[in-house]
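Here's the structure we're looking at; comments come further down.
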Amino acid sequence: QLQLVESGGGLVQPGGSLRLSCAASGFTLDYYTIGWFRQAPGKEREGVSCISRRDGSTYYADSVKGRFTISRDNAKNTVYLQMNSLKPEDTAVYYCAARTGSFAVVITSAYDYWGQGTQVTVSS
């Protein structure tokens, strides 16, 4: 069974950093495009970043560009989201998702498999 498990969330101060992990089982991660999404209370789920299954090209939402970095470690079958210079506005549940398509898009309907989410809270 294909599964995605997010980890690495927690409570950090503004300006701090976290690295989220998305570990895959039941499939080889590099055959899929992997996206990161987030959802804050009362808000719609929004795309954050993704990495293509084919060439490793990446996409970042304007709100996180320059602060977040998505990467793969194929040996560990894991995708990471390094989050630096965190802001209170980044507080949300973060989800990773997988799709077979190769284009780097962060449209929720385009993704086939979802993890359970990990909470990120940025607060003083």
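Quick note: residue numbers are just sequence positions, from 1. Only this structure's heavy atoms are used, side chains among them; waters, hydrogens and symmetry mates stay out.
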Inset, instruction - Decide yes or no for Arg99 and Val105: does some side-chain heavy atom of the first lie under 4.5 Å from some side-chain heavy atom of the second? - result: yes

Legend entry - Hydrophobic cluster (4.5 angstrom, side-chain heavy atoms) - remaining members for Val5: none

Legend entry - Shortest non-hydrogen contact from Asn84 toward Ser17: OD1-OG, 2.9 Å

Legend entry - Value rounded to 0.5 Å, distance of CD in Gln82 from OG in Ser49: 12.0 Å

Legend entry - Shared hydrophobic cluster, Val106 / Trp114 (ILVMFWY, side-chain heavy atoms < 4.5 Å): yes

Inset, instruction - Identify the heavy atoms of Val48 and Phe68 that sit nearest to each other, and give their distance. - result: CG1-CD2, 3.7 Å

Inset, instruction - Return the orientation label for the Phe27 and Tyr32 ring planes: parallel under 30°, perpendicular over 60°, tilted otherwise. - result: perpendicular

Inset, instruction - Work out which heavy atom in Leu4 is nearest to a heavy atom in Cys22; give both atom names and the distance. - result: CD2-SG, 3.9 Å

Inset, instruction - Verify the cluster assignment for Leu81 and Val12: are they in a single hydrophobic cluster under the rule of side-chain heavy atoms below 4.5 Å apart? - result: yes

Inset, instruction - Establish whether Val79 and Tyr31 are linked, either directly or via other cluster members, by ILVMFWY side-chain heavy-atom contacts under 4.5 Å. - result: yes

Legend entry - Distance (rounded to the nearest 0.5 Å) between Ile34 CD1 and Ser52 OG: 10.5 Å

Legend entry - Distance in Å, Gln13 CD paired with Ser124 OG, rounded so as to fall on 0.5 Å steps: 6.0 Å

Inset, instruction - Please check if the side chain of Arg72 supplies one atom and the backbone of Leu29 the other of a donor-acceptor pair under 3.5 Å. - result: yes

Inset, instruction - Could you name each residue pair satisfying salt bridge (charged side-chain N to carboxylate O under 4.0 Å, His left out) that touches residues 26-41, not counting sequence neighbours? - result: Arg38-Glu46, Arg38-Asp90

Legend entry - Residue pair Leu20 / Thr118: nearest heavy atoms and the distance that separates them: CD2-CG2, 4.0 Å

Legend entry - Test side-chain contact (heavy atoms from CB on, under 4.5 Å) applied to Leu18 and Val122, Leu86, Leu11, Thr121, the passing residue: Leu86

Inset, instruction - Could you point out which residue of Tyr94, Tyr95, Tyr111 forms a ring-ring contact (aromatic ring centres under 6.0 Å, His included) with Phe37? - result: Tyr111

Inset, instruction - Taking all non-hydrogen atoms of both residues into account, name the closest pair between Ala92 and Ala40 and its distance. - result: CB-N, 3.9 Å

Inset, instruction - Determine whether Tyr113 and Trp36 fall in the same hydrophobic cluster, where Ile, Leu, Val, Met, Phe, Trp and Tyr are linked whenever their side-chain heavy atoms lie under 4.5 Å apart. - result: yes

Inset, instruction - Compute both the distance and the angle, then confirm whether Arg19 meets the cation-pi test with Tyr80: under 6.0 Å from the six-membered ring centre, within 45 degrees of the axis. - result: yes

Inset, instruction - Report the C-alpha separation of Ser71 and Ile51 in whole Å, then their side-chain angles, then the decisive distance to 0.1 Å, and conclude whether the side-chain contact (heavy atoms from CB on, under 4.5 Å) test is met. - result: CA-CA 7 Å; Ser71 62; Ile51 184 165; 5.6 Å; no

Legend entry - Under 3.5 Å: donor-acceptor pair, side chain of Thr78, backbone of Ala23: no

Inset, instruction - Taking the side chain as every heavy atom from C-beta outward, state whether Gln116 and Gln3 have any atom pair closer than 4.5 Å. - result: no

Inset, instruction - Find the distance between OH (Tyr60) and CD1 (Ile70) and round it off to the nearest 0.5 Å. - result: 6.5 Å

Legend entry - Closest contact, heavy atoms only, Glu6 versus Cys96: OE2-N, 2.8 Å

